[in-house]
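Residue numbers begin at 1 in each chain, while the letters A, B, ... track the order of the sequences.
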There are 2 protein chains.
Amino acid sequence: MYSGSVSTPERLIEATRELLWERGYVGTSPRAVLQRAGAGQGSMYHHFTGKPQLALTAIRRTADEMRTTVEAVLGGPGSPSERIEGYLLRERDVLRGCPIGRLTMDPDVVADDELRAPVDETLDWLRERLAAVVEEGREQGEFASSLDGEEIAATIVATVQGGYVLARASGSTGAFDTAVRGLLSLLAAASPARTDV
Amino acid sequence: MYSGSVSTPERLIEATRELLWERGYVGTSPRAVLQRAGAGQGSMYHHFTGKPQLALTAIRRTADEMRTTVEAVLGGPGSPSERIEGYLLRERDVLRGCPIGRLTMDPDVVADDELRAPVDETLDWLRERLAAVVEEGREQGEFASSLDGEEIAATIVATVQGGYVLARASGSTGAFDTAVRGLLSLLAAASPARTDV
DNA sequence: GTCTATATCATGATAGAC
DNA sequence: GTCTATCATGATATAGAC
């Protein structure tokens with residue numbers, strides 16, 4: 001429940017962001033949004049044209065927030081491999097999953113180009129950003145020259161997104177951590193400097 | 001539409017399996033099931049107690065089918081690394097995603113232990129099965145001794161599940177294939193016999 | 001066993017009072 | 001700008017005819 005000095009549209013957007021994360025687009029009703037935002041029945045249709053536009057606004061904000069959070073790690077200090085490790089080990093609410101990635105399992109989001117666009121753009125940006133860091137690491141001799149930046153980046157993002165699936169299936173975070181450790185061990189074994197065969 | 005000599009319960013189960021794959025549990029209504037199965041309004045409640053029990057029956061069948069399909073590859077001929085590659089490169093309807101994994105993004109499935117159980121058990125079985133193959137490969141010197149079977153298995157399953165996310169976000173299969181190629185290149189680079197540094 | 005009819009509540013949206 | 005009706009439709013389930 002958002003209340004106090006925050007404006008009604010703001011409360012509607014935040015309530016929608018939460019519900020989209022928890023229940024997805026199909027599972028989120030205007031009624032539930034209004035209730036969580038503490039707003040009256042018609043008030044959502046005064047500020048937004050309907051559920052799709054409100055959802056689009058919410059998704060865009062979540063996407064922006066995610067880029068900012070990720071860039072703080074990938075664009076921060078440390079060697080390329082340290083930054084990738086930092087991304088993989090960063091604090092996460094694993095059982096809630098990814099607020100952007102989960103939308104790809106929503107049929108009404110995937111079917112609507114406008115709703116899908118911010119999801120696509122965010123995951124695309126993430127892959128490109130990671131690919132650049134991997135390439136940087138390869139130039140510095142941290143990764144084997146046989147590795148391709150875009151491929152490794154896709155594998156990293158996929159491991160994280162799939163890690164959420166495994167964690168949510170089992171109801172515990174263990175499987176996510178295990179998948180990440182496996183990926184880190186592969187990256188370490190793929191280092192030219194390895195001595196652990 | 002299933003028709004002909006197939007029984008009504010059978011048609012209801014198959015229609016439910018399709019809809020759960022396409023739209024998830026929350027997005028699948030009894031009405032849609034009945035329509036696709038070509039059955040009358042009340043007929044579903046004669047054979048099943050309601051939507052949850054019908055869905056459970058459908059999910060269990062899909063889970064069984066998936067095990068059989070996977071076991072054909074992982075328990076088939078070839079070296080451990082060849083079988084893992086076979087699993088990763090096997091034919092898939094990538095844009096439809098995984099009929100089991102997608103259910104982990106369904107709030108009503110995750111919240112219900114009975115519905116979540118077959119999802120959890122299937123992904124758990126898959127990880128154990130892959131872990132055994134990885135361990136086998138390690139013993140035969142195909143993989144570096146520093147790798148852990150359970151970890152690599154989790155990474156493999158996560159890459160596939162996350163690959164679906166990336167593919168569905170972009171609306172094309174490319175990102176799935178890229179993620180899989182990345183994982184295969186890491187597995188190759190982690191081979192004791194590599195000469196590609 | 002299958003069908004039609006019906007009941008109850010939720011969904012997504014609109015109209016109009018204040 | 002916000003609120004309380006109100007509406008048509010869909011979701012989930014039951015009753016009872018055939």
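The listed nucleotides are D:dA13, D:dT2, C:dT14; the one nearest the side chain of A:Thr8 is D:dT2. For A:His47, the listed nucleotide lying nearest its side chain is D:dG1; candidates were C:dT2, D:dG1, C:dA13.
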What's touching nucleotides 4-9 of chain C from the protein side, N or O pairs under 3.5 Å?
| unit_1 | atom_1 | unit_2 | atom_2 | d |
| --- | --- | --- | --- | --- |
| C:dT4 | O4 | B:Gly42 | N | 3.4 |

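The environment of A:Arg181 atom CZ is dense: over 12 non-hydrogen atoms of other residues, nucleotides or ligands sit within 6.0 angstrom. In this structure, B:Gln140 places its CD atom where more than 12 heavy-atom neighbours from other residues, nucleotides or ligands lie under 6.0 Å away. In the displayed structure, A:Gln53 atom CD is contacted under 6.0 Å by more than 12 heavy atoms of other residues, nucleotides or ligands.
Using a 4.0 Å cut-off on heavy atoms, the residues of residues 24-32 of chain B that approach DNA chain D are B:Thr28, B:Ser29, B:Pro30, B:Arg31, listed by number.
For A:Glu10 and A:Arg61, the salt-bridge test passes: some basic side-chain N is under 4.0 Å from an acidic carboxylate O. Using a cut-off of 4.0 Å between Lys/Arg side-chain N and Asp/Glu carboxylate O, A:Arg96 and A:Glu18 are scored as not salt-bridged. At a threshold of 4.0 Å, the pair B:Glu150-B:Arg127 does not count as salt-bridged, since none of the basic side-chain nitrogens sits closer than that to a carboxylate oxygen.
Cluster annotation: A:Val119 is not connected to A:Leu19 through the hydrophobic network of ILVMFWY side chains, with a link wherever side-chain heavy atoms come within less than 4.5 Å.
Put simply, CZ on B:Phe48 is 16 Å from C1' on D:dT12, counting in whole angstrom units. Rounded to whole Å, atom C1' of D:dT14 lies 18 Å from atom NZ of B:Lys51. Counting to the nearest Å, the P atom of D:dT12 and the CG atom of B:Leu19 are 12 Å from each other. As rounded to whole Å, 15 Å separates atom C1' of D:dT12 from atom CD of B:Gln53.
Contact of the A:Leu184 side chain with the A:Leu89 side chain is registered, since non-hydrogen atoms from C-beta on lie closer than 4.5 Å.
Distances shown here put a side-chain N or O of A:Tyr45 below 4.0 Å from the OP1 or OP2 atom of C:dA13. OP1 or OP2 of D:dG1 has at least one side-chain nitrogen or oxygen of A:His46 nearer than 4.0 Å.
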